[in-house]
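Beneath this line is the structure, given in structure tokens, with notes to follow.
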Amino acid sequence: MKIIAIANQKGGVGKTTTAVNLGFALAEEGVRVLLVDLDPQGNATSSLGMQELEGESLYEPLLGGVSVAERILPTRLPRLFIVPADLDLAGVEVEIARMSDHLTRLKETLLPLRADDTFDYVLLDCPPSLGILMTNALAAADELLTPIQCEYFALEGLVKIVRVIEQVRGSGANDNLEIGGIVMTMFDSRTNLSAQVVADVREHFGERVYETVIPRTVRLSEAPSFGKSVFEHDSSGAGARAYRALAKEFIQRHGSA
Ligand SMILES: Nc1ncnc2c1ncn2[C@@H]1O[C@H](COP(=O)(O)OP(=O)(O)O)[C@@H](O)[C@H]1O
Ligand SMILES: [Mg+2]
């Protein structure tokens, strides 16, 4: 079992869209996936049509009240499970901050999942700030999957993430953390800028950048409003094709299906 943090301290770059649709595509390929919604806004949860859940998030497990296993819910898709988010999660940062093991609460909360063999991958959909939940995700993760929007300042954003990773390593919370993959999102084929940004990021980060590039499509952006993944909303469109290709590449890279 591997824990992948889908993280970028910037909001609106495609973290949640990637967590939901990569998770869905991996499950369709036969991989057992647990999606953990770590963003109090709960966008991944509602993207799968599962809003209005209360008391079902990781809030209590993070504070040591109950086991994570009690917060795992099935989705419409076999092999895809979710730990939903709720607004309680917004308050958990304050409470965790008071605990002596505040950097490693999530790591410890997820330990039982490492011990049993129920899931192949745990995908953490991270909130867009450098708060306690995100640093906990980085401390718990085996690797980072970072979505980068194809726009100006993409490289500057990546440099910041690399610095954060170094800090987490330096803190001793996770010596092995590294960027496992970079996914370029919202690629607009009508502009030269998108192509230029992808070329620049590839030049600096080489093989870590996925071959698959996610195009900007209206279908990807409207699917969450129906509580659906892009595969249920527009299964043969460019967005679905891209996330299916990303899942295949992910499996190839990790050597398992
Ligand atoms: N490839 C894409 N094409 C079009 N819209 C997208 C794409 N990826 C994400 N979006 C939209 O952009 C917004 C931000 O994406 P989201 O995945 O929520 O980012 P984050 O989780 O990083 O904040 C959302 O409205 C989402 O639907
Ligand atoms: Mg998000």
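Remember, it's 1-based here, ligands and their atoms both numbered in the order they're listed.
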Strictly distance-based, threshold 3.5 Å: is any side-chain N or O of [X] a donor or acceptor partner for the main-chain N or O of [Y]?
| X | Y | answer |
| --- | --- | --- |
| Glu108 | Arg105 | no |
| Asp125 | Asp37 | no |
| Ser194 | Asp188 | yes |
| Arg244 | Ser236 | no |
| Thr212 | Ala242 | no |
| Lys15 | Asn8 | yes |
| Thr16 | Asn43 | no |

Please state whether [X] comes within less than 4.0 angstrom of ligand 1, counting heavy atoms only.
| X | result |
| --- | --- |
| Pro128 | no |
| Thr185 | no |
| Asn43 | no |
| Gly239 | no |

Check this for me - ligand 1, [X], N or O atoms closer than 3.5 angstrom, yes or no?
| X | answer |
| --- | --- |
| Val13 | yes |
| Lys10 | no |
| Gly12 | yes |
| Ile214 | no |
| Pro224 | no |
| Asp125 | no |

Does NZ or CZ of Arg79 fall inside the cone over Phe24's six-membered ring, less than 6.0 Å from its centre and within 45° of the axis?
no

Give the residue, atom name and distance (to 0.1 Å) of the protein heavy atom nearest [atom].
| atom | answer |
| --- | --- |
| atom 1 (N) of ligand 1 | Pro215 O, 2.8 Å |
| atom 19 (O) of ligand 1 | Gly14 N, 3.1 Å |
| atom 5 (N) of ligand 1 | Ser221 CB, 3.4 Å |
| atom 3 (N) of ligand 1 | Thr217 N, 3.0 Å |
| atom 18 (O) of ligand 1 | Thr16 CB, 3.9 Å |

To atom 2 (C) of ligand 1, the nearest of Met186, Gln149, Glu222 on a heavy-atom basis is Met186

If you draw a sphere of radius 2.8 Å around the Mg ion (ligand 2), how many protein N/O/S atoms end up strictly inside it?
1

Using the ring-ring contact (aromatic ring centres under 6.0 Å, His included) rule, take Phe250 and Tyr121 through it: C-alpha gap first, then chi angles, then the decisive distance, then the call.
CA-CA 11 Å; Phe250 180 98; Tyr121 292 99; 5.0 Å; yes

Salt bridge Asp234-Lys228, side-chain N to carboxylate O under 4.0 Å:
no

Check the angle between the aromatic planes of Phe119 and Phe81 and answer parallel, tilted or perpendicular using the 30° and 60° thresholds.
perpendicular

Verify atom 25 (O) of ligand 1: protein non-hydrogen atom under 4.0 angstrom away:
no

Intermediate values then yes/no, side-chain contact (heavy atoms from CB on, under 4.5 Å), Phe153 and Ile148:
CA-CA 10 Å; Phe153 301 126; Ile148 300 281; over 6 Å; no

Compare all side-chain heavy atoms of Ile251 with those of Leu26 and state whether any distance is below 4.5 angstrom.
yes

Looking at CG of Leu138 and CZ of Arg169, how far apart are the two atoms once the value is rounded to the nearest 0.5 Å?
11.0 Å

